[in-house]
There are 2 protein chains.
Amino acid sequence: MDVKTLCLSVLSLGEASGYEIRKHFEEGAFRHFQTATFGSIYPALGKLYELGQVSVIEHEQDGRPDKKVYTLTESGRTALQQALLRDPAPDAMRSDLLVQLFFAHLLPPEKVAALIDQRIAEYRACIEKMTGCTKAPPGHGFVQGMGLAIYSAAAIYLEQNKAGLMARLTADRPEKDTAE
Amino acid sequence: MDVKTLCLSVLSLGEASGYEIRKHFEEGAFRHFQTATFGSIYPALGKLYELGQVSVIEHEQDGRPDKKVYTLTESGRTALQQALLRDPAPDAMRSDLLVQLFFAHLLPPEKVAALIDQRIAEYRACIEKMTGCTKAPPGHGFVQGMGLAIYSAAAIYLEQNKAGLMARLTADRPEKDTAE
DNA sequence: GGTTGCATGTAAATGGTTACATGATTGT
DNA sequence: ACAATCATGTAACCATTTACATGCAACC
């Protein structure tokens, strides 16, 4: 799913500027399962305009560059619907943390504990931010609930299994205090 | 985490050829949280060899190209350890399915149901394949358990909330049979 | 006085995927 | 027969990230 389609998706929620679109991927509802940054959003909007799938109104502003507010055209709405019908690419998760934990035995135990604690905190913060949001179309709430379910499961797993991992990591080695 | 580091990671589990390394990302323990394909693995192994982080033994073979079996050198092992100590990039999840479900109201309800059912089946198949595996170093089992926890939570969420979503999607529209 | 937020955009560099090229053997 | 598995590698192509370029206003 390319950035063009992603922009169409966000614009289907209402008109927006490139800057505002980015926020959906940075802080908004899309941040958990899609990524897009300025460098890809602005060119994508340009192409969508050439394709006639969005229209633009420029609002002049004082010290800043004009704000370009994009709106879906009928053609754009159709393009979005067609894109949504295509077979979805398989989900892809990329986690450096899990690589590190996979090789926990190659890291200092304190480092492992710190990594896990930090990630738990991140999940918890994320969960709190997510609870309670606008969710008018049924899909919005459904997807948010899914995110919540996954993050909660991840946080709980880390909380419940951290001690066990740490015990196994330090089991073979003599305690640092005495045997150094 | 680039493919070079990923190759070092796999090789730390034992010597392997490029072809065998790929399997770790396609079917093996890494497939849930990292991706790498031939086009990136072979060049990465070449670079690692130039850097002296892996050594190679070529095994001649009958009709096929020589099999090049790579082994970590001391320098490679050190490089891996250092890479594992670096701050992990934040996890990134990319899911086209969740975009589709976010806009469920723009899709035919049957399509939505099919997408969810298919994904449940995929999760269940994945979970079955995962259960029971070698997990000598503690990290291996920990990471696998985390994957299992997440996939289970996702599958259960979809199973438990599918009906609710479908009901909300068809609530407003009159039943197709009568009102078409 | 420094950081954050607003606001757009380009260009270079990175990195990876996809497709191609080759080809025997084994299983269905 | 046909597909899959084994086995390596290159090159064109693609997309995205990162850095650059610019600059005011508001907040701390």
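Every chain is numbered from 1 and lettered A, B, ... according to where its sequence line falls, protein lines coming before strand lines. What you see is a predicted model; the values in this text were computed from it and never measured.
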Practice task
Using the ring-ring contact (aromatic ring centres under 6.0 Å, His included) rule, collect all pairs that involve residues 73-104 of chain A, keeping only residues at least two apart or in two chains.
Solution key: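 Counting only pairs at least two positions apart or across chains, the ring-ring contact (aromatic ring centres under 6.0 Å, His included) contacts touching residues 73-104 of chain A are A/Phe102-B/Phe30, A/Phe102-B/His140.
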Problem - Pairs flagged by ring-ring contact (aromatic ring centres under 6.0 Å, His included) wherever residues 145-166 of chain A is involved - sequence neighbours left out - result: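 Qualifying pairs, neighbours excluded: A/His32-A/Tyr151, A/Tyr123-A/Tyr151, A/Tyr157-B/Phe142.
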Rounded to whole angstroms, how far apart are [atom1] on [X] and [atom2] on [N]?
X	N	atom1	atom2	answer
A/Ile41	C/dC6	CD1	P	14 Å
B/Met1	C/dT14	CE	C1'	18 Å
B/His59	D/dT8	NE2	P	11 Å
B/Tyr49	D/dT8	OH	C1'	16 Å
B/Glu60	D/dA7	CD	C1'	14 Å
B/Leu6	C/dT17	CG	P	11 Å
A/Lys47	D/dC14	NZ	P	11 Å
A/Glu26	C/dT4	CD	P	14 Å

Between protein and nucleic acid, restricted to nucleotides 26-28 of chain C and to nitrogen or oxygen atoms under 3.5 Å apart, what atom pairs and distances do you find?
none

What I want to find out is whether [X] reaches [Y] closely enough, with some N-O distance under 4.0 Å, to be called a salt bridge.
X	Y	answer
A/Glu122	A/Arg119	yes
A/Glu20	A/Lys67	yes
B/Arg124	B/Glu159	yes
B/Asp96	A/Arg86	no

Extract all donor-acceptor atom pairs below 3.5 Å that involve side chains of residues 44-58 of chain B and protein atoms in other chains or at least two apart in sequence.
none

Problem - ILVMFWY network linking B/Met146 to B/Met93, side-chain heavy atoms under 4.5 angstrom - result: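 Same cluster.
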Exercise for the section: Drop me the distance from B/Asp91's CG to A/Cys126's SG, to the nearest 0.5 angstrom. Expected result: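 B/Asp91 atom CG to A/Cys126 atom SG measures 10.5 Å (nearest 0.5 Å).
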Handout entry: Under 3.5 Å donor-acceptor, A/Arg168 side chain and A/Leu165 backbone
Key =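 Not confirmed, A/Arg168 side chain does not pair with A/Leu165 backbone.
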Exercise for the section: Report yes or no: does A/Gln34 contribute a side-chain atom to a donor-acceptor pair with the main-chain N or O of B/Ser95 at less than 3.5 Å? Expected result: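 Yes.
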Practice task
Verify the contact: side-chain N or O of A/Ser40 to OP1 or OP2 of D/dA15, cut-off strictly under 4.0 Å; return yes or no.
Solution key: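 Negative; the distance criterion is not met.
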Within the sub-3.5 Å range, which N or O atoms of nucleotides 8-10 of chain C have a protein N or O partner, and how far apart are they?
unit_1	atom_1	unit_2	atom_2	d
C/dT8	OP1	A/Lys68	N	3.2
C/dT8	OP2	A/Tyr19	N	2.8
C/dT8	OP2	A/Tyr42	OH	3.0
C/dT8	O5'	A/Tyr42	OH	3.3
C/dG9	OP1	A/Lys68	NZ	2.2

Exercise for the section: Classify the nucleic acid contact of B/Lys23 as base, sugar-phosphate or nothing, counting any heavy atom under 4.0 Å across all strands shown. Expected result: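 Sugar-phosphate only.
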Handout entry: Difference in axis direction between the ends of the helix from C/dG1-D/dC28 to C/dT28-D/dA1, five pairs, 10°
Key =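 About 50° separates the two local helix axes.
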